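Please read the structure below before turning to the comments.
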Amino acid sequence: MLKQLPHRIKMNITLSIKKVFERYMATIGWDETKYDAAAFMEQWRHYLYNEATWFAELDDTIKTNPHFHEQLADRINEIIDQLVNEPPTDEQIAEINRLVERLGIDDFPYGCKLEAKYHIERLQHELKKKKS
């Protein structure tokens, strides 16, 4: 059912999953011990019904079909698995090392590209605050 959707909608679904996952992980500071699948799914539902224009475009028979939602859940898991297994880039690693050194803080673990992005943004914000 998901595979029969137009390419544009499938791409928007993928982008939505990434956006909501990234947003959720930022709210918990990328602390994997705080990850709560139910809380993430609640954010997903909120996004789906309030922000996802592609969802509003779907026919009501698709929206209410349990098979569609099962496939969507599988796609969410697949995308999250891809995201957490995508290694940080060399540029991200270099930027984190630079920021850690400039801030004089201990190095910390980060496991994927999205997490590295989160920490770069967080450390850049800290550096701006420190300069003020």
Side-chain angles (χ1 to χ4, degrees):
M1 186 168 244
L2 193 62
K3 292 181 185 205
Q4 282 76 36
L5 293 174
H7 178 71
R8 179 186 60 80
I9 290 183
K10 290 188 286 190
M11 291 299 297
N12 284 330
I13 289 170
T14 299
L15 293 172
S16 294
I17 294 166
K18 180 181 177 185
K19 181 178 187 174
V20 175
F21 181 71
E22 186 174 8
R23 198 186 284 176
Y24 172 73
M25 292 305 289
T27 66
I28 62 170
W30 273 88
D31 182 346
E32 294 160 14
T33 64
K34 293 181 181 177
Y35 182 83
D36 179 354
F40 169 73
M41 289 311 293
E42 184 55 39
Q43 281 197 15
W44 172 254
R45 266 190 290 289
H46 174 77
Y47 180 85
L48 198 61
Y49 291 103
N50 298 299
E51 298 179 50
T53 55
W54 60 265
F55 190 71
E57 295 174 21
L58 294 180
D59 185 84
D60 285 344
T61 57
I62 293 174
K63 290 181 190 179
T64 58
N65 188 311
H67 188 60
F68 169 73
H69 287 281
E70 287 172 21
Q71 289 180 344
L72 189 55
D74 289 343
R75 183 71 179 141
I76 290 169
N77 290 333
E78 180 183 316
I79 296 298
I80 289 173
D81 187 54
Q82 289 172 4
L83 292 171
V84 298
N85 287 302
E86 183 177 13
T89 66
D90 291 341
E91 293 82 13
Q92 286 178 311
I93 293 168
E95 180 65 5
I96 287 174
N97 290 337
R98 185 186 71 76
L99 289 165
V100 163
E101 186 176 318
R102 288 188 69 190
L103 287 165
I105 59 176
D106 291 331
D107 201 356
F108 49 86
Y110 49 93
C112 68
K113 188 175 182 177
L114 271 184
E115 185 178 12
K117 178 184 174 208
Y118 164 79
H119 286 299
I120 289 168
E121 290 169 357
R122 181 180 64 78
L123 293 172
Q124 286 172 337
H125 181 71
E126 279 188 43
L127 189 60
K128 284 179 186 174
K129 280 189 347 190
K130 191 175 179 179
K131 287 182 178 181
S132 300

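As the structure is a prediction and not an experimental result, all values here were calculated from the model.
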Open item on the list: Any heavy-atom pair between the side chains of Glu32 and Val84 that's under 4.5 Å?
Closed with: no

TODO: Report the C-alpha distance between Lys131 and Lys128 in whole Å, list the side-chain angles of each, state the deciding distance to 0.1 Å, and finish with yes or no for side chain to side chain contact (heavy atoms under 4.5 Å, CB included).
DONE: CA-CA 5 Å; Lys131 287 182 178 181; Lys128 284 179 186 174; 5.8 Å; no

- [ ] Check whether Phe21 and Tyr49 end up in the same hydrophobic cluster, where Ile, Leu, Val, Met, Phe, Trp and Tyr are linked by side-chain heavy atoms less than 4.5 Å apart.
- [x] yes

Task: Partner of Glu86 by salt bridge (charged side-chain N to carboxylate O under 4.0 Å, His left out), out of Lys113, Lys18, Lys117 - done: Lys113

Open item on the list: Please say yes or no: joined through hydrophobic side-chain contacts below 4.5 Å, possibly via intermediate residues, are Leu114 and Ile96 part of one cluster?
Closed with: no

Open item on the list: Are more than 12 heavy atoms, taken from residues, nucleotides or ligands other than Lys10, located less than 6.0 Å from that residue's NZ atom?
Closed with: yes

Task: Within one Ile-Leu-Val-Met-Phe-Trp-Tyr cluster: Tyr110 and Leu83, side-chain cutoff 4.5 Å - done: no

Task: Whether Asp81 side chain and Asn77 backbone form a donor-acceptor pair below 3.5 Å - done: no

Task: Cation-aromatic face contact Lys63/Phe68, 6.0 Å, 45 degrees - done: no

Task: Common cluster, Val100/Leu103, ILVMFWY with side-chain heavy-atom separation under 4.5 Å - done: yes

TODO: For Glu121 and His125, run side chain to side chain donor-acceptor pair (under 3.5 Å): C-alpha distance rounded to whole Å, both residues' side-chain angles, the deciding distance at 0.1 Å, then the answer.
DONE: CA-CA 6 Å; Glu121 290 169 357; His125 181 71; over 6 Å; no

TODO: Rounded to the nearest 0.5 Å, what's the gap from CD1 on Ile76 to CG on Leu72? Could you check?
DONE: 4.5 Å

TODO: Specify whether Tyr118 and Trp30 have parallel, tilted or perpendicular ring planes, treating 30° as the upper limit for parallel and 60° as the lower limit for perpendicular.
DONE: tilted

Task: pair Asn12-Arg8: side-chain heavy atoms closer than 4.5 Å - done: yes

- [ ] With the side chain counted from C-beta on, respond yes when Leu58 and Trp54 share a heavy-atom pair under 4.5 Å apart, and no when they do not.
- [x] yes

Open item on the list: Using the rule that Ile, Leu, Val, Met, Phe, Trp and Tyr join whenever any side-chain heavy atoms are under 4.5 Å apart, tell me whether Leu15 and Leu48 fall into a single cluster.
Closed with: no

Open item on the list: Less than 4.5 Å apart, side chain to side chain, heavy atoms only: is that true for Val20 and Glu51?
Closed with: no

Open item on the list: Any non-hydrogen side-chain atom of Asp36 less than 4.5 Å from a side-chain atom of Tyr24?
Closed with: yes

TODO: State, with a plain yes or no, whether a side-chain heavy atom of Thr14 is found less than 4.5 Å away from one of Arg75.
DONE: yes

Task: Salt-bridge criterion met for Arg98 and Glu101 (N-O under 4.0 Å) - done: no

Open item on the list: Can a donor-acceptor pair be found, under 3.5 Å and without considering hydrogens, that links the side chain of Glu22 to the backbone of Lys19?
Closed with: no

Open item on the list: Would you say that Gln71 contacts Lys3 through its side chain, given a criterion of any heavy-atom pair below 4.5 Å between the two side chains?
Closed with: no

Task: salt_bridge(Glu126, Lys129) N-O dist < 4.0 Å - done: no

Open item on the list: Quick one, Ile62 and Leu5 - any side-chain contact, counting heavy atoms below 4.5 Å?
Closed with: yes

